[in-house]
Amino acid sequence: MNPLRRLLMTGIGSAPVAAAFAGPAPQPVPADAGRKVLHLAFSSSESGLDPAKVVDLYSRTVTPHIFEALYKYDHLARPVKIKPNLAEAMPEVSPDFRVWTVKVRRGIFFADDPVFNGVKRELVAEDFVYAMKRFYDPANKSPAIGTLLGYGFVGMKALRDDATERKKPFDYDRPVEGLRALDRYTVRFVTEQPRPRLLELLATPDLWGAVAREVVEFYGNEIDAHPVGTGPFRLKQWRRASLIVLERNPHYRDERWDAEPAPDDAEGQAILARLKGRKLPLVDEVQISIILESQPRWLTFLNGRIDALATNSNPLPQEFVGVAMPNGKLAPNLAKRGILGRQNVNADVHLTMFNMEHALVGGYTPEKVALRRAISLGYDVRREIDAFWKGAAVPAQSALVPYTVGYDAAFKCESSDYDPARAKALLDMYGYVDRDGDGWREQPDGSPLLLEMMTQPEQRSRILDELWQKAMNALGLRIKFIVGQWPENLKAARNGKYMVWQFGLSAAAPDGETAVARYVTSEIGSQNYARFRLPAMDRIYERLQALPDGQERRALFDEVKRIGAAYMPLKHRVHRMECELRHPWLVGYKKPIFWQDWWHMVDIDDSKRPAR
């Protein structure tokens with residue numbers, strides 16, 4: 001149904017360095033001329049700022065602060081709660097979950113832009129229709145198209161196919177039943193099959209936020225550098241892969257801080273008492289520095305030049321967990337400085353994927369399945385947890401991640417097993433043996449066997465490379481590492497130009513259905529980077545999309561786990577236990593579970609910064 005709206009792709013991480021724990025004393029932060037500035041960092045670079053063309057976590061952490069969706073997640077509610085944002089109220093939904101009608105709030109305006117010629121541009125229902133149609137336009141080559149095709153909005157696939165087959169420009173003006181503005185302030189969504197969880201799509205601003213058509217048409221191929229939305233911030237400066245600066249949208253509507261923490265959530269209630277009723281956004285500017293290596297990010301935080309090591313886009317570097325939060329508790333040295341720390345199990349998974357279309361590791365015949373399962377059995381996940389994650393991770397058993405529907409902490413499968421003897425037996429049984437006596441196994445037909453795994457140039461990635469090297473050497477399998485930057489590897493994976501790769505995925509909504517999309521044929525080139533094809537899995541996915549929550553649906557999730565473990569197109573390795581650190585002057589922060597937009601909800605108390 002909706003993989004990319006709910007799963008965010010992340011890089012592996014960055015360099016470990018043995019550094020003195022205490023680090024240098026806090027240094028003065030550059031003066032911000034009386035403005036409140038939120039200083040953050042990303043551990044990997046963004047790929048762009050056009051929602052229709054991004055998939056990575058880092059880009060999708062910036063875009064929801066510029067663009068807005070009809071609905072939003074409550075900042076403090078746990079369990080999560082979706083409520084109106086640009087919509088007047090919750091949607092009207094037909095009994096069969098096929099027709100969703102939403103009233104758009106009046107008097108909402110886009111940020112100023114030269115395109116508007118000094119005239120305030122009001123948000124209308126058609127802006128949501130246009131924004132979604134952009135994903136269907138073949139010219140945009142959207143990595144998220146599989147998401148919308150999975151929803152089955154009536155008439156939209158035919159409109160896309162018409163543009164593709166006739167090789168003509170996509171017809172944005174052709175009325176389509178599935179995505180329609182009924183009037184200036186009413187938008188209707190109609191799906192071919194029941195879609196009980198469509199609300200989660202409508203609450204994802206990083207992709208499906210409102211876009212003004214005239215802005216896109218004016219900037220053309222340069223639209224990536226000119227994001228214009230209705231959100232609390234607008235783009236002020238962008239040096240690709242280096243610095244992103246957002247500033248307060250001066251014409252942002254009169255939106256007030258509010259949230260609904262649970263009655264027994266003391267931290268949430270304290271935040272609510274302090275910030276409730278304040279005009280959003282609370283800060284004037286957000287500066288995001290791209291710092292790929294771990295040690296510079298760590299030292300930058302200790303110097304007080306970034307306000308937090310937090311969220312999936314920039315957690316506490318794993319190699320410093322042992323000194324910053326030993327045994328999950330904040331180190332006394334940091335506590336004395338007022339720094340706050342917390343450890344959370346993430347709604348994420350780190351996995352290794354095999355290209356199922358590759359002649360060596362792909363395929364569905366017994367010997368190909370045996371090779372992938374042997375590779376999986378020969379890799380020690382618990383060693384990775386100790387050496388790479390410093391104990392701050394738990395073995396993953398399936399595609400489903402914590403906090404999502406379908407996840408079962410008690411479920412156990414072969415994916416996490418380490419059994420090199422069984423791995424060798426599988427290889428021997430299916431003909432992967434050393435025929436020429438050089439110590440390396442060949443393929444069953446006698447041809448060379450060389451595994452190729454894409455990786456990144458950062459030192460942290462090399463730790464994983466070494467773990468894989470040793471594990472495969474022990475099995476008699478040669479492995480070669482293909483080094484490339486994260487965006488390059490992502491592009492290769494999307495196009496199926498790789499053999500093996502590994503990365504992280506974070507859930508961006510509560511339902512686990514997205515995890516299944518990694519196995520679905522229609523998602524190849526989108527969420528299904530393994531390019532796995534199995535009619536049985538496609539049928540399960542279709543049923544999962546249409547069924548309401550319940551026992552029948554939970555049983556289907558269990559079947560997905562069994563099929564995934566049997567064919568092993570993906571080896572799900574770990575769920576991270578992310579450690580967060582933040583300085584005392586960052587006020588109102590609470591880790592988002594699925595959503596990425598929170599910068600407008602936090603404040604900076606400069607009185608708690610070290611003297612400048």
Side-chain angles (χ1 to χ4, degrees), residues 1-9 55 143-150 348-377 379 396-401 404 406-407 411 413-416 426 430 451-454 489-505 507 511-545 556-573:
M1 155 173 151
N2 30 28
L4 290 172
R5 71 172 170 88
R6 298 151 82 181
L7 282 174
L8 306 171
M9 298 191 65
V55 62
I145 181 56
T147 297
L148 296 183
L149 291 175
D348 72 5
V349 63
H350 279 253
L351 66 154
T352 302
M353 64 182 183
F354 301 93
N355 182 354
M356 294 294 288
E357 295 178 354
H358 195 280
L360 177 58
V361 298
Y364 304 82
T365 55
E367 73 276 8
K368 298 298 186 181
V369 174
L371 176 60
R372 293 191 298 273
R373 292 178 69 166
I375 292 171
S376 175
L377 287 166
Y379 182 78
Q397 304 295 337
S398 76
L400 279 299
V401 305
T404 63
Y407 174 76
F411 178 80
C413 81
E414 179 186 290
S415 185
S416 66
L426 269 174
Y430 285 94
L451 300 174
E452 295 183 348
M453 178 180 284
M454 294 195 302
N489 289 342
L490 176 59
K491 182 178 180 180
R494 284 182 57 192
N495 294 327
K497 306 297 184 183
Y498 78 103
M499 185 189 296
V500 186
W501 192 35
Q502 51 193 352
F503 56 84
L505 289 168
D511 193 73
E513 182 182 300
T514 297
V516 186
R518 298 178 213 160
Y519 298 110
V520 174
T521 303
S522 62
E523 298 293 342
I524 290 174
S526 181
Q527 191 63 24
N528 183 357
Y529 286 85
R531 310 181 85 81
F532 183 73
R533 302 172 188 266
L534 193 71
M537 190 70 88
D538 294 343
R539 290 192 293 270
I540 290 174
Y541 184 59
E542 291 170 0
R543 291 178 63 196
L544 280 170
Q545 290 177 291
L556 289 177
F557 279 122
D558 290 340
E559 184 65 14
V560 167
K561 298 171 190 175
R562 288 189 287 268
I563 293 174
Y567 283 93
M568 198 65 68
L570 304 167
K571 176 180 175 61
H572 297 92
R573 303 190 325 272

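Just so we're clear, the structure is a prediction, and the values are computed from it rather than from any experiment.
Across all non-hydrogen atoms, the minimal contact from M353 to A493 is CE-CB, 3.7 Å. Contact between A492 and Y498 at its shortest, heavy atoms only, is O-CD2, 4.2 Å. Closest non-hydrogen pair, R494 versus P143, comes out as CZ-CB, 3.4 Å. Shortest non-hydrogen contact noted between A396 and S416 is O-CB, 3.8 Å. Shown here for G564 and Y519, the closest heavy-atom pair between the two residues is CA-OH, 3.8 Å.
Using a 4.5 Å heavy-atom threshold, the side chains of V401 and H572 count as separate. Using a 4.5 Å cut-off on side-chain heavy atoms (C-beta onward), I540 and I563 make contact. By the 4.5 Å heavy-atom criterion applied to side chains, N355 and W501 are not counted as neighbours. Considering only heavy atoms from C-beta on, T352 stays 4.5 Å or farther from I375 through its side chain. Using a 4.5 Å heavy-atom threshold, the side chains of C413 and K561 count as separate. The closest side-chain heavy-atom distance from F354 to L360 is not below 4.5 Å. By the 4.5 Å heavy-atom criterion applied to side chains, N528 and M537 are not counted as neighbours. Between Q527 and V520, the closest side-chain pair of non-hydrogen atoms is not below 4.5 Å.
Annotation for Y567: atom OH does not count as buried by contact number, only 12 or fewer foreign heavy atoms lying within 6.0 Å.
The aromatic rings of F503 and Y529 lie perpendicular to each other, with more than 60° between the two planes, well past the 30° mark.
The distance from the CG atom of N489 to the CE atom of M453 is 11.5 Å, given to the nearest 0.5 Å. Atom-to-atom distance recorded for R573:CZ and S415:OG is 9.5 Å, nearest 0.5 angstrom. Here R531 contributes atom CZ and E523 contributes atom CD; the two are 12.5 Å apart, rounded to the nearest 0.5 Å. Atom-to-atom distance recorded for E414:CD and K571:NZ is 8.0 Å, nearest 0.5 angstrom. For the atom pair CG of L400 and CZ of F557, the computed distance is 6.0 Å after rounding to the nearest 0.5 Å. Separating the CG atom in L371 from the OG atom in S376 is a distance of 11.0 Å, to the nearest 0.5 Å.
Between the T404 side chain and the D511 main chain, no donor and acceptor come within less than 3.5 Å of each other. Not a single donor-acceptor pair under 3.5 Å links the side chain of N495 to the backbone N or O of K497. Between the R518 side chain and the A399 main chain, a donor and an acceptor come within less than 3.5 Å of each other. Y364 contributes a side-chain N or O that, together with a main-chain N or O of R533, makes up a donor-acceptor pair within less than 3.5 Å.
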Apply the test side-chain contact (heavy atoms from CB on, under 4.5 Å) to residues Q545 and E513: give CA-CA distance (whole Å), side-chain angles for both, the deciding distance (0.1 Å), then the verdict.
CA-CA 7 Å; Q545 290 177 291; E513 182 182 300; 3.3 Å; yes
Practice task
Go through the steps for V369 and Y430 under the test side-chain contact (heavy atoms from CB on, under 4.5 Å), then give the verdict.
Solution key: CA-CA 10 Å; V369 174; Y430 285 94; over 6 Å; no
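For R562 and E559, the salt-bridge test passes: some basic side-chain N is under 4.0 Å from an acidic carboxylate O.
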